[in-house]
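Contents: one structure, followed by commentary.
We count ligands from 1, going down the list as the structure has it; atoms in each ligand are counted the same way. Everything numeric in this text was worked out from a predicted model, so none of it was measured.
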Amino acid sequence: MTPTGTLDALLVEQRVFRPAPATIIEANVKPHDLAEATALAAADPLAYWEKAALELEWHRKWDAVLDDSDAPFYRWFPGAQGNIAHNALDRHVHAWTKNKLALIWEGEAGDCRKFTYFELYREVNRLAGALRALGVTRGDRVCLYLPPIPETVVAMLAAAKIGAVHVFVFAGMSAKVLRERINDCRAKVLITADGFYRGGRLINLKTVVDEALAGVRSDAAETVVIVRRSGDDIDMQEPRDLYYHDLLRQESPEAATEIMEADDPLFWLHTSGASGKPKAVIHGHGGYMVGAHHTFRTVFDIKPTDIHFCTADPGWITGHTYGVYGPLLTGATVILYEGHPLYPQADRLPSIIERYGATIFYATPTLIRMLMRYGPQYPKKRDLSTLRLLGSVGEPLGAEAWMWFYKHFGESKCPLLDTWWQTETGMAMISPMPISVLKPGSVGKALPGIDADVVDAAGHSVPPGQGGFLVIKKPWPGMLLGLEGDAAGYVSTYWEQIPGLYFAGDVARRDEDGYFWMQGRADEVLNIAGHRVGTAEVEAALTSHRFVSEAAVIGLPDKIKGEVAKAFVIPDPGWVEAFADADAFGAELRSHVRRELGPIVVLRAVELRDTLPRTRSGKILRRQLRAEELGEGVEGITATDD
Ligand code: WTA
């Protein structure tokens, strides 16, 4: 892991974009606010976070902002009591937001359902009552295997409301994964749907559920609540299976909200990133709520009139924090879309933006690159003039995709916030704000209160321009409470690799202005003749070539150089006319990378592909490419991965 002779200042991006005067005038956080916040957060981070916590309602205030006596098992707001559902839902019913739209949902077939805060509140209460009637109490786990439908949001909030812990399993996961997760969490109840629509097809979820439950431990998922979405004829197994709508019919639209301790768990979410075995990350009611609320209000600059469209499935952390909790905590209106982003055509997402007048569009690099391949004619077909902010998260975006998204979705006037964070961090950590000067391909600076740095293996800061490990040096409220059943793993994975600092597992460099440039995962970094090169930087160099749509880079062992790079490239169709054959195209890409990054980066081979393997959440699976290349077993990589 030691960065020796690190390749400095790869791909220096010169373009900068300054905020329009109107953006500055209208921003929640203006330059002087940011300067003040940064100064306060630097001088007294706990005072900064206490101020953020005071923006929310609590049943009982904290005895201290942070208890670090058992670090790294930090406890935020010890002694405080409350419930995230109170702030996300109950309090709106007594405020002007009561009759405001909380949720706009669009089904793949074009059907639409809308819920005001009051309607959502009543629906959540009914499910909360039903879950209580099924015997679910504080601390019990409720497993959610649900597609992006309104009941998914209802289920998350209902579980929170009664103090149960939701454990989401993304609806694209296999029966095997679902079974493992149900067993691991000993879910009292499983909430699922009969089916849903994606890519023009009906996905029958219930058959997957039946397969999963066939081998499940006897004390788990004794009750299965099924939302009728597709209306398909499904096998109902009595007395285990119950229809959601039948259950709710008898329930009251009022239900008491359980009073939770700040560090009582709210949810578990499994993550493996693009590497390693899935771990169950735990987030709680207090700190996570403060982090989600504060960052959504400040980074996404949320206003009463905003309509936020987050493309992430509710089953991922992005969906949890910025698709459900962040928006509801701030009283915003959020759009949830059920189906495939390209169905029936590549203008589906632009059409949703147009139809509901979305003001913020938060997407992923995978999606942006996919839309880029289809071309600008699709966003052009639609009126996107309501948009005022764009966001990206999940992988390095790269300057070319950044420029494309900025230009074709934001008409070169919407700030593009490339937010860096993780399931573990719970909230955005490094990101521009609307008032920031933007550099395409950079995730900007650390947010106020976040002490991020780039260090060597011993934990010493490296000079600007030099690559190293991304660490967080002080605790932050949205941080994970731990890993379920694995206290030692929590310490060794996050706090011991670089002694005493939170190790994110990513490599990055920081420029002279303090802007971070993400280089990829630390375990995917190439070491070419002693020079550390991030996969993200070679990939960004490749995608800057006009005939490359997407690229994935892996390291291959080399007797002399230690490692050399191999690239898997999805070409732009135009390459066929421009080059004699694949060899000529490959040679051009090799010299292109040399021109961009210098002769150190040896690209041994280029393979053209139609698709790249991805995790379920859309991240490129470089591990799988490497395993295939080296003829190693790849079994299990995708099955258990997220
Ligand atoms: C990567 C998603 C570059 C990173 C919220 C991180 C990013 C992992 C960015 C976490 C970004 C996330 N630029 N890389 N803006 N955002 N990543 O847990 O490697 O699904 O460690 O959380 O995604 O992924 P996760």
For Met518, atoms of ligand 1 separated by under 4.0 Å from a heavy atom: 3 (C), 13 (N)
Exercise: do Thr425 and Tyr502 side chains pair donor with acceptor under 3.5 Å: no
Side chains of Asp184 and Trp268 only: does a donor on one sit below 3.5 Å from an acceptor on the other? no
Could you verify whether a donor N or O on one side chain and an acceptor N or O on the other, from Glu424 and Thr271, lie under 3.5 Å apart? no
Hey, is ligand 1 close enough to Asp506 that some N/O pair sits below 3.5 Å? yes
What part of Lys619, side chain from CB on, backbone N/CA/C/O, both or neither, has a heavy atom under 4.0 Å from ligand 1? side chain
Does Ser617 come within less than 4.0 Å of ligand 1, judged by its heavy atoms? no
Would you say Gly394 touches ligand 1, if touching means a heavy atom closer than 4.0 Å? yes
Where ligand 1 meets Val393 - atom numbers and elements under 4.0 angstrom, heavy-atom basis: 5 (C), 16 (N)
Please could you name the atoms of ligand 1 that Pro396 approaches to less than 4.0 Å, counting only its heavy atoms? 3 (C), 13 (N), 14 (N)
Do the side-chain N and O atoms of Tyr288 and Trp76 include a donor-acceptor pair separated by under 3.5 angstrom? no
For residues Ser544 and His592, is any side-chain donor paired with an opposing acceptor at under 3.5 Å? yes
Counting both backbone and side chain atoms, is some N or O of Thr318 under 3.5 Å from an N or O of ligand 1? no
So for Ile317 against ligand 1, with non-hydrogen atoms under 4.0 Å, the contacting part is side chain
Just by distance, no angles: are the side chains of Thr318 and Tyr362 close enough, under 3.5 Å, to form a donor-acceptor pair? no
In ligand 1, the atoms that come under 4.0 Å of a heavy atom of Thr423 are 18 (O), 20 (O), 22 (O), 25 (P)
All heavy atoms of Leu447 vs all of Thr295, minimum pair found to be CD1-CG2, 4.2 Å
